[in-house]
Protein chains: 4
Amino acid sequence: MPKLGMEPIRKEALVKATIVEIGRAGSLDVTVSQIAKRAGMSSALAHHYFGSKEGIFLAAMRHIMTLYGAEVRGALATAVGPQGRVRAILIASFSPGNFRREAVSAWLNFWVLAQSVPEAKRLLAVYQGRLASNLTVALRPMAGSRAPAIAQSLGALIDGLYLREVLKSGPPDGDAAVALALRHLEAELQRRADDAC
Amino acid sequence: MPKLGMEPIRKEALVKATIVEIGRAGSLDVTVSQIAKRAGMSSALAHHYFGSKEGIFLAAMRHIMTLYGAEVRGALATAVGPQGRVRAILIASFSPGNFRREAVSAWLNFWVLAQSVPEAKRLLAVYQGRLASNLTVALRPMAGSRAPAIAQSLGALIDGLYLREVLKSGPPDGDAAVALALRHLEAELQRRADDAC
Amino acid sequence: MPKLGMEPIRKEALVKATIVEIGRAGSLDVTVSQIAKRAGMSSALAHHYFGSKEGIFLAAMRHIMTLYGAEVRGALATAVGPQGRVRAILIASFSPGNFRREAVSAWLNFWVLAQSVPEAKRLLAVYQGRLASNLTVALRPMAGSRAPAIAQSLGALIDGLYLREVLKSGPPDGDAAVALALRHLEAELQRRADDAC
Amino acid sequence: MPKLGMEPIRKEALVKATIVEIGRAGSLDVTVSQIAKRAGMSSALAHHYFGSKEGIFLAAMRHIMTLYGAEVRGALATAVGPQGRVRAILIASFSPGNFRREAVSAWLNFWVLAQSVPEAKRLLAVYQGRLASNLTVALRPMAGSRAPAIAQSLGALIDGLYLREVLKSGPPDGDAAVALALRHLEAELQRRADDAC
DNA sequence: AATGAATGAGGATTCATTCAT
DNA sequence: GATGAATGAATCCTCATTCAT
């Protein structure tokens with residue numbers, strides 16, 4: 001029973017199915033048919049809406065990054081003080097919605113995709129840029145000119161923690177990740193105080 | 001004209017060709033034929049030696065990790081003092097031999113492989129365990145009971161820096177990576193001093 | 001806002017679009033969607049009007065042959081004398097309207113279609129029959145009993161010239177084709193005179 | 001039981017099967033699987049040897065043209081006198097080997113292919129050039145400066161007769177075609193005599 | 001009348017893997 | 001040891017066609 005305005009619904013279903021399937025397979029070696037079946041439609045329709053498998057992957061990437069960005073924005077909106085802002089970013093980064101098995105797996109695979117698909121590379125660069133920017137702004141009042149450098153190491157640490165998550169078994173422990181990152185942050189910030197001595 | 005003792009030569013050629021091809025493709029989507037051709041033999045022979053494509057990949061993984069392990073061991077052998085030992089590990093981690101485009105790309109892809117191939121996961125776990133162990137031992141004199149925690153964050157940071165390398169263009173900058181990791185280390189170590197105050 | 005009497009307009013648009021698309025592709029490998037899009041409607045509507053892709057092709061064939069037939073009829077109506085009638089047929093055959101790239105390409109492709117679609121074969125046979133008949137009637141006063149044979153070779157020559165046109169680059173040269181065919185005709189007619197000697 | 005040196009055998013089998021299948025279908029809408037099956041192998045092997053469907057078609061084209069060229073060359077070798085040489089070309093053109101249903105159908109389809117595949121166009125142009133050259137050389141002693149023009153119309157006539165053959169039912173009648181072409185030739189030649197009067 | 005939605009069927013192409021030599 | 005030969009199984013993608021609205 002075909003209706004009008006199905007496109008956004010179908011697309012969203014496909015994007016979510018894509019993330020699930022990539023998470024299950026642990027790789028991009030998922031067929032369009034698998035994805036489409038999980039999304040409850042034919043593979044032909046998936047192609048109709050996204051043009052190609054790559055198009056589906058890119059849409060899924062955008063979806064994940066959009067979710068992440070929204071969560072960070074939301075967390076920043078209610079954060080209080082510089083410390084609070086950095087904490088907010090970290091907490092959002094490791095929130096259950098983002099730091100879940102499927103999403104982490106998809107994220108790692110998209111990183112691989114970025115090596116051969118320019119648009120994927122661009123998306124990932126945008127993510128990195130925004131994260132660096134958010135962190136730098138939040139750190140500025142506390143770290144001054146050292147803010148960019150700390151943002152960089154903090155960003156790398158976040159990515160490293162994501163990466164290591166895929167090797168672990170059991171459910172992700174976002175709190176532990178946040179704690180580890182915060183400890184790193186505190187160490188870096190304290191160092192400044194020392195310098196000031 | 002088949003010669004005796006060709007096996008190790010052939011195998012090494014295949015392993016190196018595998019890393020090159022993965023680096024070129026930026027993914028594991030390389031065919032056995034490509035690998036074999038680059039190694040100067042037929043794909044049938046590649047199967048003869050490794051049994052399967054997965055076998056080839058795993059051998060390449062072992063190769064990369066063996067190289068890394070050897071480099072770390074060598075660096076540790078000539079390192080002086082606790083600080084020197086940690087530095088040695090970091091420098092080895094980001095040495096030109098390990099921190100080169102191909103190897104970084106292969107390493108990321110093996111991380112992906114680990115999600116679907118248990119043996120790959122095991123290998124990666126061994127690498128992580130050894131790195132943690134090496135760092136912990138080196139840090140112990142300086143960090144005491146905090147050594148394992150610092151080793152953990154340092155390990156995650158190293159992995160994160162590798163990960164971020166694949167997005168960059170231009171040749172890898174191992175020195176910058178070492179510097180960043182050292183700064184993190186110093187911050188963590190200083191923090192201890194503060195705690196002691 | 002559907003209007004009344006759209007059917008003939010839609011159909012004609014589709015038929016013309018079909019010829020254009022076949023001309024562009026140089027083959028029958030054109031999709032119904034392409035045709036419909038060029039005709040400014042959905043492919044579903046194209047099916048609604050013609051029932052099937054084959055139906056669209058056949059309608060396009062009929063269109064081309066109708067145009068050709070009308071042109072010949074028009075030319076014959078104003079022709080003077082037996083010679084004039086044959087000339088008229090040739091000129092109509094190679095007129096800009098018929099002997100244009102698209103139409104020639106479509107015509108060749110319909111010839112192919114005739115090998116697998118009986119109705120297409122029938123249409124082509126009708127065209128051949130009419131051409132032979134027209135030529136024979138016109139030739140009778142000049143060639144007597146040899147009229148049918150000359151009509152046959154003249155018909156084959158016309159088809160051959162069409163066929164060869166598709167290989168050429170640049171715009172079709174109808175005048176040259178007419179001249180060549182006329183030369184052939186004159187030779188055949190003169191031969192009769194010789195026979196009479 | 002794989003042997004060495006299968007390539008030429010397989011290729012020839014595929015080429016012949018291709019012509020048969022195109023003849024059967026009356027179009028290029030034959031699948032690689034059909035062709036491969038008729039040639040007694042898997043479609044994968046067909047791709048292995050020819051790279052693509054287009055490659056198979058082009059090889060089949062070359063095959064047909066090579067056969068034709070060989071036959072013409074053979075006929076010319078034993079022909080006596082200018083008249084004999086032209087006759088030889090015509091007889092070869094409509095010999096049972098070339099003027100058979102399958103080959104004629106394939107030839108027509110290759111003509112279509114030439115519109116979208118440059119290499120096919122090139123091959124057909126080569127065929128046309130050789131035919132024109134052969135005819136011109138043979139006609140020169142009889143027709144002098146009119147040789148090229150007569151060669152052109154004779155060539156178009158030959159192609160037209162091939163084209164019309166595909167519409168006929170029943171076995172091809174090469175003799176009739178030769179007779180028709182010869183009559184055309186005689187008329188053209190006689191015309192010269194008239195001119196001389 | 002007109003179309004967006006939807007799909008089944010099919011087709012080119014790829015590739016890991018096997019095997020006889 | 002080494003390889004050319006060979007294929008089954010898959011996968012992406014296309015497209016004519018149908019249908020509910």
Side-chain angles (χ1 to χ4, degrees), chain A residues 1-7 9-10 29-37 40-56, chain B residues 1-7 9-10 29-37 40-56, chain C residues 1-7 9-10 29-37 40-56, chain D residues 1-7 9-10 29-37 40-56:
Chain A
M1 49 196 110
K3 297 173 190 172
L4 262 57
M6 292 303 289
E7 179 160 345
I9 299 171
R10 294 300 200 184
D29 285 331
V30 292
T31 70
V32 174
S33 293
Q34 277 168 35
I35 294 171
K37 175 177 261 183
M41 70 196 80
S42 70
S43 65
L45 195 56
H47 275 99
H48 174 67
Y49 282 126
F50 284 109
S52 71
K53 191 180 183 178
E54 190 177 303
I56 300 175
Chain B
M1 49 197 103
K3 299 173 186 173
L4 295 180
M6 289 301 285
E7 179 159 342
I9 298 172
R10 296 289 202 191
D29 286 331
V30 292
T31 70
V32 174
S33 293
Q34 277 169 37
I35 294 171
K37 175 178 249 183
M41 70 196 80
S42 71
S43 66
L45 193 54
H47 273 94
H48 174 67
Y49 281 127
F50 287 108
S52 71
K53 189 179 185 179
E54 192 176 300
I56 299 176
Chain C
M1 49 197 105
K3 297 174 189 173
L4 295 180
M6 288 302 285
E7 179 160 342
I9 298 172
R10 295 291 200 190
D29 285 332
V30 292
T31 70
V32 174
S33 293
Q34 277 169 38
I35 294 171
K37 176 179 248 181
M41 69 196 81
S42 71
S43 66
L45 194 53
H47 274 93
H48 174 67
Y49 280 127
F50 287 108
S52 71
K53 189 181 185 177
E54 192 176 300
I56 299 175
Chain D
M1 48 195 109
K3 298 172 187 174
L4 261 57
M6 292 303 288
E7 180 159 343
I9 299 171
R10 293 300 199 185
D29 285 332
V30 291
T31 70
V32 174
S33 293
Q34 278 169 33
I35 294 171
K37 174 177 261 182
M41 71 196 79
S42 70
S43 66
L45 194 55
H47 275 98
H48 174 66
Y49 282 125
F50 284 109
S52 70
K53 191 179 182 179
E54 190 176 303
I56 299 176

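Values in this document were obtained by computation on a predicted structure and should not be read as measured data. Below, all heavy atoms of this structure are taken into account, side chains as well, without hydrogens, waters or symmetry copies. Chain identifiers are assigned alphabetically (A, B, ...) following the order of the sequence lines, protein sequences preceding nucleic acid strands; residue numbering begins at 1 within each chain.
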Using atom [atom1] of [X] as one end and atom [atom2] of [N] as the other, report the distance to the nearest whole Å.
| X | N | atom1 | atom2 | result |
| --- | --- | --- | --- | --- |
| Asp29(D) | dC15(F) | CG | P | 12 Å |
| Leu4(D) | dA2(F) | CG | C1' | 11 Å |
| Leu45(A) | dA6(E) | CG | P | 5 Å |
| Ile35(B) | dA16(E) | CD1 | C1' | 11 Å |
| Phe50(B) | dA2(F) | CZ | P | 13 Å |
| His47(A) | dC15(F) | NE2 | P | 12 Å |
| Met41(B) | dT3(F) | CE | C1' | 12 Å |
| Ile56(A) | dT11(F) | CD1 | P | 14 Å |

- Query: Which one, dA5(F), dA2(E), dT17(F), comes nearest to the side chain of Ser52(C)?
  - Reply: dT17(F)
- Query: Of all the nucleotides listed (dA2(F), dT13(E), dC13(F)), which has the minimum atom distance to the side chain of Met6(B)?
  - Reply: dA2(F)
I need the [X] [atom1] to [Y] [atom2] distance, nearest 0.5 Å.
| X | Y | atom1 | atom2 | value |
| --- | --- | --- | --- | --- |
| His48(D) | Met41(D) | NE2 | CE | 11.0 Å |
| Met6(D) | Leu4(D) | CE | CG | 10.0 Å |
| Gln34(C) | Ser43(C) | CD | OG | 11.5 Å |

Distances under 3.5 Å between protein N/O atoms and the N/O atoms of nucleotides 9-11 of chain E, please, pair by pair.
none

- Can you tell me if the side-chain N/O atoms of Arg10(B) get under 4.0 Å from OP1 or OP2 in dA2(F)?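 For dA2(F), OP1 or OP2 has a side-chain N or O of Arg10(B) closer than 4.0 Å.
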- Query: On DNA chain E, nearest-nucleotide positions of Gly40(C) versus Gly40(A): which is more 5'?
  - Reply: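 Closest to the 5' end, via its nearest nucleotide, is Gly40(C).
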So, for [X] and [Y], which heavy atoms are closest and what is the spacing to 0.1 Å?
| X | Y | result |
| --- | --- | --- |
| Val32(D) | Lys53(D) | CG2-CG, 3.7 Å |
| Arg10(A) | Leu45(A) | NE-CD2, 3.8 Å |
| Ala46(A) | Ala36(A) | CB-CB, 4.3 Å |
| Glu7(C) | Tyr49(C) | CG-CE2, 3.5 Å |

- Does Ser42(B) or Ser42(D) map to a spot on DNA chain F nearer the 5' end, using the closest nucleotide for each?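 The answer here is Ser42(B).
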- Dot-bracket pairing map - DNA chain F, Watson-Crick plus G-U, both contacts under 3.5 Å, | cross-strand: .||||||||||||||||||||
- CD/Glu54(D): more than 12 non-hydrogen atoms of other groups inside 6.0 Å: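 No, not enclosed.
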- Task: Check every strand shown and say whether His48(A) touches a base, only sugar-phosphate, or nothing at a heavy-atom separation below 4.0 Å.
- Result: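 Here His48(A) touches no strand at all.
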- Message: Using a heavy-atom cut-off of 4.0 Å across all strands, would you classify Tyr49(B) as base, sugar-phosphate, or nothing?
- Response: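 The residue Tyr49(B) makes sugar-phosphate contact but no base contact.
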